[in-house]
Amino acid sequence: MKQILLITDGCSNVGTSPVLAAAHAFQEGITVNVAGVVDYGTIGELGSLEIAEIAKAGGGISRIVGTRQLAQTMQMMTRKTVVQTIQQAVNKELKQILGGTALEDLPPSQRSQVVQVVDEMTETTPLKVALLIDASASMKPKLSAVEDAIRDLMLSLQAREGMSELAVFHFPGRRGEEHAVMDSDWTRDAGTLRSLFQRLQMKGATPTGPAIMRVIDFFRYGTLDEHLTWRGSTDEGEGMLGDYVV
Amino acid sequence: MKEKGCSVITSSNPAYPAGMVITGKWRKGRFIIRRVLGQGANGIVYLVQKEGASHPYALKMGYDTLDLQSEINVLMSLQSKRKAADPLKNGPRTFLLEVDDFKGEDGDIPFYVMRYIRGSSLSHFMRKRGKEWMGLTGLRLLEKLNGLHRSGFIFGDLKPENVMVSDVGQVELVDYGGVSSIGRSVKQFTEWYDRGYWNAGSRTSDEGYDLFAFAVLIIQLLNEEELKKTAAQHLPQTRSPGQLLSLIQRSPKLKPYSEWLRRAIRGEFSGSQEALKLWKDTIYAPALVGRLPGKTPRWLMNAFALSIVIVLLAFLWAWMNT
């Protein structure tokens, strides 16, 4: 099972629409969850609308929280999405077997057995979560809380019976054409997730959409670089301004 | 909080008013709502009366069918294990009375009916009755946890709100939403009591997880101020069990239990059976029984010594006068 967890504090302003990018991800079988982080004031109507839409297109959940609740929220969203995805699959099976019946329509005695299966799969299904962190200037004061939340999430994932892996990316990159930078490759060890964002240079641009596209490619090919060589000719399709400005 | 569909945040669901009748969709049982008892992480609990019966029950309505069913599965499994262990015990010990759906305005709402436990939360009880009840209440709580562990589950989300105590100190665990099978990941937890929060170990369900939470709970009940300070003082990455251990070390209020607490925080108990034994030894140790309510103040000891001296002098005086 594959998930992208986007952590941001505002609107995207460069490149492909993040809602479209999330829809692409969902098409690829990757669920997209979004955590909007705000400590003071609000995220703005536009920002919260975009966050909700990204999650909707990505088949996931969105939440707007302060840094205090971030760790808890990320954990809840990840777990809930795993359950949701499995429940959808199981419901599909149920419909095939019983014809138009969802879990809610079953009498409680039969429901019990189905839920047992869902619980079992929730615990044992292999899970890959790619965290995509908005590192634009306004996120700077929140990054240490984000880092703690990532470690906390890893701790919860480690406790699962199924294989659970985490990878971490941030955006934008140092140069214009670099839309997402990998901070940690797939890992199962919380120890490797220390001081992730220390060398970051914060920039103003927020290319959320292009960054999501990069992470989708990472799920496909296992690396960001390979993608660059492989893509080459199709990059133009994303319509990014900074692409060829070096 | 619950999300409907994908991304809409709805505030906590409004509770149903007293007097409303909840009719089961499948079994047609009728329950009259008396009042709200509490709101858990995954549902609202009401005090209800079964129509035609005088007995009060607790009825839990879930926010999510799957979540609630998962909790019901645990309760059913516990119930059947208990019955197998002691087939004669039934009646009031049966905690799951009925499982059904209720046709609400926005669709079906799953619910279950269980036995009602009259009492107050552990922290309320301790405030009312005083700290000298800690030993006995703790013992009963540990027995409950041990029973759960013997059935192959851990409680997970142990905190004062999830422990009900009757006015005579009988203990019951409430909210089984966080119960998970031993070996699985812990489903639901609360920061302070979570082993992972203190960087003291994994979030895998083992008996030590509950014992750790129990230790934090004891620290909280006996010395909440210090626990608050300790939790607030440190950054998440520097938080460590060592901070809890030094809190135990320097707090006179925790002294009677310090050995037990240290072992639970360090994860040194082999299981809740051993923890239960040490707890018993601790609270029934001869030196402790007299001292538990608090040490005899120095002025009282001095006054006592003085009174003995006066008595002796009086005897001496009387003897010399005869």
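Each chain gets a letter, A, B and so on, in the order its sequence line appears, and its residues count up from 1.
Within 6.0 Å of CG in A:Leu46 there are 12 or fewer heavy atoms belonging to other residues, nucleotides or ligands. More than 12 heavy-atom neighbours from other residues, nucleotides or ligands sit within 6.0 angstrom of CZ on B:Arg150. Open room surrounds NZ on A:Lys140; 12 or fewer heavy atoms of other groups in view lie less than 6.0 Å from it.
At a threshold of 4.5 Å between non-hydrogen side-chain atoms, the residues A:Glu120 and B:Arg184 count as touching. Contact annotation: the side chain of B:Phe189 approaches that of A:Ser156 to within less than 4.5 Å [non-hydrogen atoms, C-beta and beyond]. You'll find the side chain of A:Glu161 stays beyond 4.5 Å of the side chain of B:Ser185, heavy atoms only.
Salt-bridge formation is not detected for the pair A:Lys80/B:Asp64: no Lys NZ or Arg NE/NH1/NH2 atom is positioned less than 4.0 Å from an Asp or Glu carboxylate oxygen. Under the 4.0 Å criterion applied to side-chain N and carboxylate O atoms, B:Lys187 and A:Glu123 are not assigned as salt-bridge partners.
B:Pro236 and A:Asp148 get closest at one heavy-atom pair: CG-OD2, 3.2 Å. What you find for B:Ser70 and A:Asp119 is that their closest heavy atoms are OG-OD2, 2.6 Å.
For B:Asp67, the part lying under 4.5 angstrom from a heavy atom of chain A is the side chain only. In this structure, chain B has a heavy atom under 4.5 Å from the backbone of A:Leu106, while its side chain stays farther away. Both the backbone and the side chain of A:Gln116 come within less than 4.5 Å of a heavy atom in chain B. A:Val83 touches chain B through its side chain: at least one heavy atom from C-beta onward sits under 4.5 Å away, while N, CA, C and O do not. Proximity to chain A (any heavy atom under 4.5 Å) is restricted, for B:Glu191, to the side chain, taken from C-beta onward.
Separating the CG atom in B:Asn73 from the CD atom in A:Gln113 is a distance of 9.5 Å, to the nearest 0.5 Å. Going from atom OG1 of A:Thr122 over to atom CG of B:Leu66 covers 7.0 Å, rounded to the nearest 0.5 Å. Interatomic distance, A:Ser112 OG to B:Met76 CE, rounded to the nearest 0.5 Å: 3.5 Å. In this structure, CG in A:Leu155 is found 7.5 Å from CG in B:Asp194, a value given to the nearest 0.5 Å.
Counting heavy-atom pairs under 4.5 Å between each of B:Asp100, B:Ile72, B:Asp101, B:Asp108 and chain A puts B:Asp101 at the top. Between chain B and the options A:Gln75, A:Gln72, A:Glu147, heavy-atom pairs under 4.5 Å are most frequent for A:Gln75.
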Show the numbers, then the answer: is there a side-chain contact (heavy atoms from CB on, under 4.5 Å) between A:Glu104 and B:Thr65? CA-CA 7 Å; A:Glu104 286 79 3; B:Thr65 310; 3.3 Å; yes
Run the numbers on B:Arg203 and A:Arg160 for side-chain contact (heavy atoms from CB on, under 4.5 Å), then give the verdict. CA-CA 9 Å; B:Arg203 282 197 187 122; A:Arg160 296 177 74 245; over 6 Å; no
